[in-house]
> 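Can you keep this structure in mind? I'll have questions shortly.
Bear in mind the structure is a predicted one, so any value in this text is a computation, not a measurement.
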Amino acid sequence: MATTPAPPTAPPKPTWDPRRAEPPFPWLRPTIRIRLTLLYGGMFLIAGIMLLSIIYLLAAQALNTGAEPLFRIAGGTDIKVTSDNCPAVNSGLSLDAFNAAISHCIDLQRQSALDNLLSRSLLALLGLAIIAFAFGYAMAGRVLSPLGRITRTARAVAGSDLSRRIELDGPDDELKELADTFDDMLERLQRAFTAQQRFVGNASHELRTPLAINRTLLEVHLSDPGAPVELQQLGKTLLATNERSEQLVEGLLLLARSDNQIVERKPVDLAEVATQAVDQVHAEAAAKGVAIRGERAAAVVQGNGVLLERIALNLVQNAVRYNVPEDGWVEVMTQVQHGQAVLVVTNTGPVVPAYEIDNLFEPFRRLRTERTGSDKGVGLGLSIARSVARAHGGHIAAEPREGGGLVMRVTLPI
């Protein structure tokens, strides 16, 4: 008797943290300026220690040469010697003990002079080391100031301001060569983006116009009650095909526009955006028997409301269309987590292998064998959602849900 194979289990659940890893001490970041400062100061410190050691050894050798007393008392009567620096000679001593006391006092004075020289030299070295590190830091900042201009310009360009240029002046050195090369690259990028914007505008007109004409002609033909049934059926098929072509064109144009950063930003509440998306998909969900639920807390971000609504709409539509035939549900939640606005769309559905998650975000790619000829869309929904999220400085991630389905998480900066 053959045994029934066990149903496939969901792949392991990956984890992610929407927060970016930040170093515990940002001011300890090993920048080039800090490294140059340590290099300059460290070289000065090593040279100072070597110079101090040489001076100490030479001074010790010089003092050792004159360590023996310049005189010795051989004998006599009525000799009285007093000393404030060497109290040992004030007491009555024999000649040998007296000479030994004088030698001992000279050794003590020599050691005291060396100790005094060492302590003062160390204090001087410490002060000079502080000055050297400060001087090295200032000089490193001056040398690296062109890199600061390059960095600031690159950040401005990252904000879609391709008109910015470094225009570095000064000597014709490696940094100026780097800045000029970067300016040339920005010039080519600006021309490329300008050409892309012109192409998108031209394609928008050239592609929409014939499709709109075809749709109008087909609608007029279908409105004729005397048309044969075969022609009406053909007209409906052509109208559905034309509608899919319009959706494809709109998706491609939106995908091309959303790859750039959003320049004009306004406050947008993700909860309101998600609610509007749910309202638009509610009829389709009811027809498929899919329940939509979830609490949506206020999460205001700075961005484009139309594009953000497109993210929510695409995610909710996919969650409804790629669901189980019976007792399916979709959960749409918005919240503020770790200082970021988060939109989470969870749905029941088929088991999704973890290795196929990345393919879902590619244009015209679907799960397993499904292609763009199905009735579930044109295969650009998740690609558009990812592009719009990136344009707003956020990101979108997906993970398989235990038991089947997906958990889509969109994280946007507040």
> Given side chain to side chain contact (heavy atoms under 4.5 Å, CB included), test I414 with V300 step by step and report yes or no.
CA-CA 7 Å; I414 295 180; V300 180; 5.9 Å; no
> Flag the pair E187 and R165 as a salt bridge only when some basic side-chain nitrogen lies within less than 4.0 angstrom of an acidic carboxylate oxygen.
yes
> For T275 and R296, which I'm curious about, is there any donor-acceptor pair between the side chains at under 3.5 Å?
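Yes, because at least one side-chain N or O of T275 sits under 3.5 Å from a partner of the opposite role on R296.
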> How long is the straight-line distance from CD1 of I384 back to CG of L307, given to the nearest 0.5 Å?
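It is 10.0 Å, given to the nearest 0.5 Å.
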> Which heavy-atom pair separates G394 from L412 by the least distance, and what is that distance?
CA-CD2, 4.0 Å
> Give a yes or no answer on whether the side chain of D269 reaches the backbone of A299 with a donor-acceptor pair at less than 3.5 Å.
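Yes.
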> Which heavy atom in L270 sits nearest to a heavy atom in A341, and how many Å separate them?
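For L270 versus A341, the nearest heavy atoms are CD1-CB, 3.7 Å.
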> Locate the shortest heavy-atom distance separating P350 from Y322; write the atom from each residue and the value.
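Heavy atoms of P350 and Y322 come nearest at CD-O, 4.1 Å.
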> Pair E295, Q335 - check side chain to side chain donor-acceptor pair (under 3.5 Å), show working.
CA-CA 9 Å; E295 298 181 359; Q335 59 182 341; over 6 Å; no
> Does the side chain of N323 come within less than 4.5 Å of K288's, by heavy atoms?
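Of all side-chain heavy-atom pairs linking N323 with K288, none is under 4.5 Å.
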> Scan L52, L45, I46 and name whichever one has a side chain to side chain contact (heavy atoms under 4.5 Å, CB included) with I49.
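In the set L52, L45, I46, the residue that makes a side chain to side chain contact (heavy atoms under 4.5 Å, CB included) with I49 is L45.
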> Is any side-chain heavy atom of L382 less than 4.5 Å from a side-chain heavy atom of M408?
yes
> Go through V324 and W329 one step at a time and tell me if the side chain to side chain contact (heavy atoms under 4.5 Å, CB included) criterion holds.
CA-CA 9 Å; V324 293; W329 54 264; over 6 Å; no
> Any donor-acceptor pair under 3.5 Å linking the side chain of D183 with the backbone of I166?
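Answer holds: yes.
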> Please report the interatomic distance CD(E167) to CG(D180), rounded to the nearest 0.5 Å.
10.0 Å
> Does any non-hydrogen side-chain atom of I357 lie less than 4.5 Å from one of L406?
yes
> Would you check if L343 and V332 make a side-chain contact, meaning some heavy-atom pair closer than 4.5 Å?
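A side-chain contact exists here, since the closest heavy-atom pair is under 4.5 Å.
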> Distance-only criterion, 3.5 Å: show the donor-acceptor pairs between side-chain atoms of residues 120-141 and protein atoms not counting sequence neighbours.
from, atom 1, to, atom 2, distance (Å)
R120, NE, N116, OD1, 3.2
S121, OG, L117, O, 2.7

> Is it the case that atom CG in D115 sees more than 12 heavy atoms from other parts of the structure closer than 6.0 Å?
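More than 12 within 6.0 Å, yes.
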> For V410 and V342, run side chain to side chain contact (heavy atoms under 4.5 Å, CB included): C-alpha distance rounded to whole Å, both residues' side-chain angles, the deciding distance at 0.1 Å, then the answer.
CA-CA 6 Å; V410 181; V342 180; over 6 Å; no
> Any ion pair linking E284 and R321 (charged N to carboxylate O, less than 4.0 Å)?
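Here R321 pairs with E284 in a salt bridge, since their nearest N and O are under 4.0 Å apart.
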> Should T411 and R409 count as side-chain neighbours, where that means a heavy-atom distance under 4.5 Å?
yes
> Would a 4.5 Å heavy-atom cut-off, applied to side chains only, mark V268 and Q302 as touching?
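V268 vs Q302: side chains apart.
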> Looking at H392 and N304, would you say the former's side chain and the latter's main chain have a donor-acceptor pair under 3.5 Å?
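Checked: pair present.
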> If I take atom CZ from residue R386 and atom CG from residue N314, how far apart are they, to the nearest 0.5 angstrom?
13.0 Å
> Dump the intermediate steps for side chain to side chain contact (heavy atoms under 4.5 Å, CB included) on T237 and L239, then the final yes or no.
CA-CA 5 Å; T237 303; L239 185 62; over 6 Å; no
> Distance check, rounded to the nearest 0.5 Å: L234 atom CG versus L222 atom CG?
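Nearest 0.5 Å value for the CG-CG distance: 9.5 Å.
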> Will you find, in the side chains of E309 and Q280, an N or O donor that is under 3.5 Å from an N or O acceptor?
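Side-chain D/A pair, E309 to Q280: present.
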> I need the D224 CG to E219 CD distance, nearest 0.5 Å.
14.5 Å
> So which atom in A312 and which in A274 form the shortest heavy-atom distance, rounded to 0.1 Å?
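The pair with the smallest heavy-atom distance is CB-CA, 4.2 Å.
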> Quick one: closest heavy-atom pair of V388 and L308, and the distance?
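Here V388 and L308 meet closest at CG1-N, 4.3 Å.
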> Side-chain contact, heavy-atom cut-off 4.5 Å: I396 with L315?
yes
> Using a cut-off of 6.0 Å, state whether more than 12 heavy atoms not belonging to M185 lie near its atom CE.
yes
> Measure across P225 and S223 and return the closest heavy-atom pair with its distance rounded to 0.1 Å.
CD-O, 3.2 Å
> Rounded to the nearest 0.5 Å, what's the gap from CG on N242 to CG on L238? Could you check?
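Atom-to-atom, N242:CG and L238:CG are 8.5 Å apart.
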